[in-house]
Every structure is written in C-alpha cells, then in structure tokens.
Colleague: 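Here it is, the structure in full.
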2 protein chains.
Amino acid sequence: MIDPPHASAYIVRMAAHHHHEHAGASLAQAAEAALVEAGEQWTDMRSDIFAVLATFEKPASAYDIADLVSQKRGKRVAPNSVYRILDLFVATNLARRVESANAYIANSHPGCLHDCIFLICDNCGTATHIDDDALTMSVRAAAEHAGFAQVRPVIEVRGKCADCG
Amino acid sequence: MIDPPHASAYIVRMAAHHHHEHAGASLAQAAEAALVEAGEQWTDMRSDIFAVLATFEKPASAYDIADLVSQKRGKRVAPNSVYRILDLFVATNLARRVESANAYIANSHPGCLHDCIFLICDNCGTATHIDDDALTMSVRAAAEHAGFAQVRPVIEVRGKCADCG
DNA sequence: TTAACGATGTAATGTTGTAACGTGCATCGA
DNA sequence: TCGATGCACGTTACAACATTACATCGTTAA
C-alpha cells in the first residue's frame with residue numbers, strides 16, 4: 001500500500017511537471033504503467049474497473065461501477081471488490097474520490113501528483129477538474145500554518161456549470 | 001428557505017465584517033437570533049438539536065445527534081427529523097456540513113457569511129476551521145472563470161493536527 | 001509438496017440519507 | 001366558534017454508500 005503524497009515529495013514533483021492528458025486506450029495504458037510502477041499488479045479485474053470508471057463523465061459511485069462491471073463480465077461483482085480496487089486506485093493516484101458526491105473519478109493524468117480542484121455541477125452532475133497549483137499550495141500552507149501535517153486538501157466547488165447556468 | 005450565499009452578497013458582508021466567536025449559552029442565543037432573523041422558528045426541538053451539535057468538538061453525524069437528543073428528551077428522535085433540522089441549520093448558516101466526514105458542525109459565528117476552510121484530523125477527528133477570505137475568494141474566482149455560477153466552495157483539509165502530529 | 005501470499009468471491013451487516021405520508025397544533029378569516 | 005391553512009414533527013420504509021469477516025483460488029518460494 002502506498003502512502004498518501006506529502007508536501008515535500010509534492011513540491012519536488014511539481015518542479016518538473018508536464019501534463020499529458022490521456023483518454024481511452026492511452027489512459028488505460030498510462031494507468032497500467034502507473035500501477036505497475038507502484039509495485040502493484042494490473043489484473044483483469046482492475047483493468048475492467050478502471051475502464052468502466054474512465055467511461056464516466058461524472059463521478060461514479062462504487063455501486064454504479066459494480067453494476068457495469070458485472071454486466072461486462074456476465075457475473076456479479078460485489079461492491080466490496082469494487083471498493084477494494086477503488087481504494088487502491090486512489091492510493092496510487094489513478095483515481096480520485098469526490099468527497100462531496102461519495103463517488104470516484106478517473107485521474108486523466110496518472111503519474112503526476114496533484115491537488116485537484118473539482119467543479120461539480122449540481123444540475124447535471126458532471127465534474128471538471130482544474131489544476132491551480134498556486135491555489136492548492138496556498139491551502140496546504142494555510143493548513144500547515146495551523147499545525148497540520150501530512151496534509152491532504154479536499155477542494156471541491158459545487159455550482160452550476162456553464163451549460164446548465 | 002434561504003438561498004445559498006452568492007458572491008456579491010458575500011463581498012458586501014465581508015467589508016463590514018467582525019467576528020464574534022460564541023460558545024455555550026451565548027452561541028445558542030446567537031443561533032436563535034440568526035434563525036428568527038431568517039424568518040424561521042426557534043422551537044424546542046431545534047434548540048435541543050443545536051445544543052447537542054454545539055457540544056461536539058468533532059463533526060457529528062446526524063445519527064450521533066439523534067441518539068443524544070433521544071436521550072435528552074427521553075423519547076426516540078428519528079434521524080429523519082434530525083436531518084430536516086440540520087438542513088435548515090445549514091441553509092441558515094447555523095451549521096456546516098463537513099463533506100469529507102458526512103457530518104455536521106455548529107457554526108461558531110452564525111450571522112456572518114463565510115466560506116470556511118475546515119481542517120480535520122484523521123487521527124482524533126477534531127475539526128478546526130480557519131477563515132482565509134483571500135484564499136476562498138480565489139477558489140470562487142477560479143470556478144467562475146471556468147464558467148461556474150452559484151458557486152459553493154467545499155474546502156476541507158485532512159491531515160494530522162498539531163496534537164496528533 | 002506445502003506454506004505463504006495476494007487477489008478476488010461471498011455473505012452479512014453497518015452507516016448515511018431520502019421519500020412518502022400522517023398527526024398535532026397554532027393562526028386566521030368567515 | 002369553526003373550519004381551512006400551514007408548519008413542525010413523527011413514523012415507516014427504503015435507497016444508497018461502505019465495511020467486516022471469512023472463504024477460495026492461483027502463483028510463488030522454501
């Protein structure tokens with residue numbers, strides 16, 4: 001199991017940072033690479049769950065995923081198994097948990113450590129994410145100033161998206 | 001029912017802003033005043049629920065509150081009823097929902113509109129809150145820049161508090 | 001071969017949240 | 001005074017989210 005990112009490693013990674021937004025097969029490949037890199041196995045089950053997760057526009061609940069993976073495999077996959085793997089994905093930065101939606105979303109650039117800012121539309125449910133390192137570092141700094149350590153920011157913004165405005 | 005705060009009203013309130021941190025009876029009074037001000041009633045049930053909520057150091061789940069209020073009244077109070085009133089409290093800014101904990105916390109300065117930043121200790125569960133208006137306004141601005149409207153930031157930081165460090 | 005381990009399966013249960021509808025009570029105008 | 005209205009709260013049922021404990025299976029290493 002992987003430790004959550006902590007500030008110093010974070011800063012180091014940021015300096016050399018480039019974005020590769022992935023999609024489809026490319027994303028799955030990147031995810032596989034990242035998982036293997038982390039010393040974990042890329043199994044069929046994990047592959048299927050990642051694939052399903054990646055098809056969602058909106059944050060997907062573990063049960064949503066369980067249903068679709070069950071269909072795909074023609075055999076019931078219990079939520080339990082899905083949670084296990086989602087936890088692994090979150091720990092290895094392949095996916096993110098959206099706290100305000102009790103749901104998960106694939107990370108479109110696994111391999112880069114980021115504090116993401118999620119924008120979730122209260123109307124249509126779609127989530128977009130923005131990266132604003134100055135902002136997230138400020139949040140980290142504020143928390144650390146208050147004596148917090150091993151900081152993990154949760155920055156989500158609920159509202160109406162441009163389409164639903 | 002009260003609309004969520006929106007940016008323009010927010011800015012207006014900020015300009016004239018002073019903090020009055022309340023505790024105990026003073027807090028209950030302030031809460032009552034704020035609720036009445038909002039055109040809502042301060043009933044026994046609401047008073048009890050607020051009182052129980054305010055005794056918690058850490059974010060309290062609706063079920064925690066239901067249990068304690070049930071004891072206090074010597075009669076079962078269903079979670080359902082607690083949710084209704086918590087929703088009202090959140091809408092009127094008497095309490096906040098901590099999304100990453102599925103729990104609620106009393107607002108120690110009802111009457112001021114704020115985007116709070118919560119720091120929640122993963123070890124002991126206590127939540128402290130900090131107000132950093134520059135930061136929260138930046139988050140609002142980032143979301144609005146991405147086309148979002150009626151923005152409601154959720155900014156929480158998980159980590160280890162100074163005591164548990 | 002067998003022990004150990006990691007991944008997944010199965011079943012049960014616990015926690016959090018909502019929906020639908022009923023009851024009691026205060027207020028208010030006819 | 002009486003019924004209509006509206007609000008707070010109660011009750012029940014259920015939906016959605018999450019975890020626990022233990023079993024099974026295949027691979028690897030002694």
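By convention in this document, chain letters (A, B, ...) are assigned in the order of the sequence lines, proteins followed by strands, and residues within each chain are numbered from 1.
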Colleague: With a 3.5 Å distance limit and no angle check, can you tell me whether A/Asp48 reaches the backbone of A/Arg73 through a side-chain donor-acceptor pair?
Modeller: no
Colleague: Using whole Å, what does the distance between atom C1' of nucleotide C/dT8 and atom CD of A/Gln41 come to?
Modeller: 11 Å
Colleague: Sub-3.5 Å donor-acceptor pair from the side chain of A/Asp132 to the main-chain atoms of A/Ile117, do we have one?
Modeller: no
Colleague: Of the options D/dG10, C/dA7, D/dA18, whose atoms approach the side-chain atoms of B/Lys75 most closely?
Modeller: D/dG10
Colleague: For B/Arg97, which contact category applies under a 4.0 Å heavy-atom criterion: base, sugar-phosphate, or nothing?
Modeller: sugar-phosphate
Colleague: I'd like to know if the side chain of B/Glu156 and the backbone of B/Ser100 have a donor-acceptor N/O pair within less than 3.5 Å.
Modeller: yes
Colleague: When the distance from CZ of B/Arg76 to C1' of D/dT12 is rounded to whole Å, what number comes out?
Modeller: 9 Å
Colleague: Report yes if a side-chain nitrogen or oxygen of B/Asn102 is closer than 4.0 Å to either non-bridging phosphate oxygen (OP1 or OP2) of C/dG17; otherwise report no.
Modeller: yes
Colleague: Hey, does B/Ala78 reach any base, or is it just sugar-phosphate, or nothing, if we go heavy atoms under 4.0 Å?
Modeller: base
Colleague: Given D/dA18, D/dC9, D/dT19, identify the nucleotide with an atom nearest to the side chain of A/Asn80.
Modeller: D/dT19
Colleague: Could you state the OH-P distance from B/Tyr83 to D/dC14, rounded to the nearest angstrom?
Modeller: 19 Å
Colleague: Hey, which of these two, B/Tyr63 or A/Arg84, hits DNA chain C nearer its 5' end, going by closest nucleotide?
Modeller: A/Arg84
Colleague: Grab the CG-C1' distance between B/Leu86 and D/dA8 for me, whole Å please.
Modeller: 15 Å
Colleague: Measure from CE on B/Met45 to P on C/dG24 and round the result to the nearest Å.
Modeller: 18 Å
Colleague: In whole angstrom, give the distance that lies between atom CD1 of B/Ile65 and atom P of C/dT15.
Modeller: 16 Å
Colleague: Is the phosphate of D/dG10 approached by B/Ser81 (side-chain N or O, under 4.0 Å from OP1 or OP2)?
Modeller: yes
Colleague: Can you tell me if the side-chain N/O atoms of B/Thr43 get under 4.0 Å from OP1 or OP2 in D/dA8?
Modeller: no
Colleague: Between C/dA7 atom P and A/Asp87 atom CG, what is the distance in whole Å?
Modeller: 13 Å
Colleague: Are B/Lys160 and B/Asp122 ion-paired here, with the side-chain N under 4.0 Å from a carboxylate O?
Modeller: no
Colleague: Can we call the ring centroids of B/His114 and B/His109 under 6.0 Å apart?
Modeller: yes
Colleague: Specify the separation, in whole Å, of atom CD1 of B/Ile85 and atom P of C/dT18.
Modeller: 15 Å
